[in-house]
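Notes for the one structure printed next.
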Amino acid sequence: MDDATVERVRALVRAIPPGQVRSYGEIADEAGLSSARLVGRLLAEDGHDLPWHRVVRANGTFAPHIAAEQAARLRVEGVLAADGRVPAELRPRRR
DNA sequence: CCTCTGACGAGTC
DNA sequence: CGACTCGCCAGAG
């Protein structure tokens with residue numbers, strides 16, 4: 001994967017407004033990536049300085065190992081994650 | 001070169 | 001709903 005793509009992903013994540021979430025898949029498409037997994041991988045390696053907590057799975061759930069931290073950070077922004085998932089209204093819609 | 005393993009997603013049953 | 005499968009890219013062993 002090339003650096004330009006990585007930058008696109010980082011920019012997209014940075015562009016997510018507080019209190020709002022987007023899915024790995026959406027980021028992947030818009031950044032021109034073929035797989036959502038790559039977005040996850042990028043965030044794991046190079047996303048420490050990004051609002052990664054605003055990126056959730058397509059069904060609104062969190063990745064297991066970061067669920068607690070993610071829920072905490074979102075709560076600060078006013079997003080109350082009940083039952084380890086984001087409220088339906090904020091959940092990334094499939095279309 | 002092959003297999004396994006992910007911060008994933010969509011489709012089937 | 002949950003459980004499984006397959007496609008996806010890259011790095012590790």
Side-chain angles (χ1 to χ4, degrees):
Chain A
M1 114 167 17
D2 53 291
D3 295 343
T5 307
V6 174
E7 274 313 306
R8 245 173 286 143
V9 173
R10 294 168 56 71
L12 284 166
V13 174
R14 251 191 313 266
I16 305 174
Q20 198 183 319
V21 300
R22 306 207 62 204
S23 71
Y24 293 93
E26 285 182 310
I27 304 295
D29 289 336
E30 293 174 33
L33 277 174
S34 51
S35 168
R37 301 187 76 128
L38 303 195
V39 174
R41 204 141 74 80
L42 280 185
L43 292 186
E45 297 171 357
D46 211 30
H48 46 306
D49 57 327
L50 297 173
W52 55 267
H53 54 285
R54 303 196 187 121
V55 183
V56 303
R57 287 184 178 156
N59 60 4
T61 61
F62 304 122
H65 46 292
I66 56 170
E69 176 66 17
Q70 185 160 26
R73 294 195 180 200
L74 286 175
R75 194 171 53 247
V76 173
E77 297 186 349
V79 179
L80 273 290
D83 202 32
R85 76 167 36 197
V86 151
E89 283 72 50
L90 288 167
R91 225 177 276 167
R93 300 276 179 182
R94 274 230 270 128
R95 48 182 90 169

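Chain letters run A, B, ... following the sequence lines, proteins first and then strands; every chain starts at 1.
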What integer distance in Å separates [X]:[atom1] from [N]:[atom2]?
{"X": "A/Tyr24", "N": "B/dG6", "atom1": "OH", "atom2": "C1'", "result": "11 Å"}
{"X": "A/Leu50", "N": "B/dA7", "atom1": "CG", "atom2": "P", "result": "17 Å"}
{"X": "A/Asp46", "N": "B/dA7", "atom1": "CG", "atom2": "P", "result": "17 Å"}
{"X": "A/His65", "N": "B/dC8", "atom1": "NE2", "atom2": "C1'", "result": "12 Å"}
{"X": "A/Asn59", "N": "B/dC8", "atom1": "CG", "atom2": "C1'", "result": "10 Å"}

Inset, instruction - Applying salt bridge (Lys or Arg N to Asp or Glu O under 4.0 Å), name anything that partners A/Arg22, two or more places apart in sequence or on another chain. - result: A/Glu26, A/Glu30
Legend entry - Pairing residues for A/Glu45 by the salt bridge (Lys or Arg N to Asp or Glu O under 4.0 Å) criterion, not counting sequence neighbours: A/Arg41
Inset, instruction - Go through the structure and list residues passing side chain to side chain contact (heavy atoms under 4.5 Å, CB included) with A/Ser34, not counting sequence neighbours. - result: none
Inset, instruction - Kindly write out the residues that satisfy side chain to side chain contact (heavy atoms under 4.5 Å, CB included) with A/Arg10, not counting sequence neighbours, or none if the list is empty. - result: A/Val6, A/Glu7, A/Arg14, A/Asp46, A/Asp49, A/Leu50
Legend entry - Atom pair CD1/CD1 of A/Ile16 and A/Ile27 - distance to nearest 0.5 Å: 4.5 Å
Legend entry - A/His53 side, atom NE2; A/Ile66 side, atom CD1 - distance, nearest 0.5 Å: 11.0 Å
Inset, instruction - Name every residue in residues 70-81 of chain A that has at least one heavy atom under 4.0 Å from any atom of DNA chain C, in order of residue number, or write none if there are no such residues. - result: none
What's touching nucleotides 9-11 of chain C from the protein side, N or O pairs under 3.5 Å?
unit_1: C/dC9; atom_1: OP1; unit_2: A/Ser34; atom_2: OG; d: 3.2
unit_1: C/dA10; atom_1: OP1; unit_2: A/Met1; atom_2: N; d: 2.3
unit_1: C/dA10; atom_1: O4'; unit_2: A/Arg41; atom_2: NH2; d: 2.0

Legend entry - Trace of the side chain to side chain contact (heavy atoms under 4.5 Å, CB included) decision for A/Arg91 with A/Arg85: CA-CA 9 Å; A/Arg91 225 177 276 167; A/Arg85 76 167 36 197; 3.4 Å; yes
Inset, instruction - Indicate, with yes or no, if A/Tyr24 and A/Val86 share a hydrophobic cluster defined by side-chain heavy-atom contacts under 4.5 Å among Ile, Leu, Val, Met, Phe, Trp and Tyr. - result: no
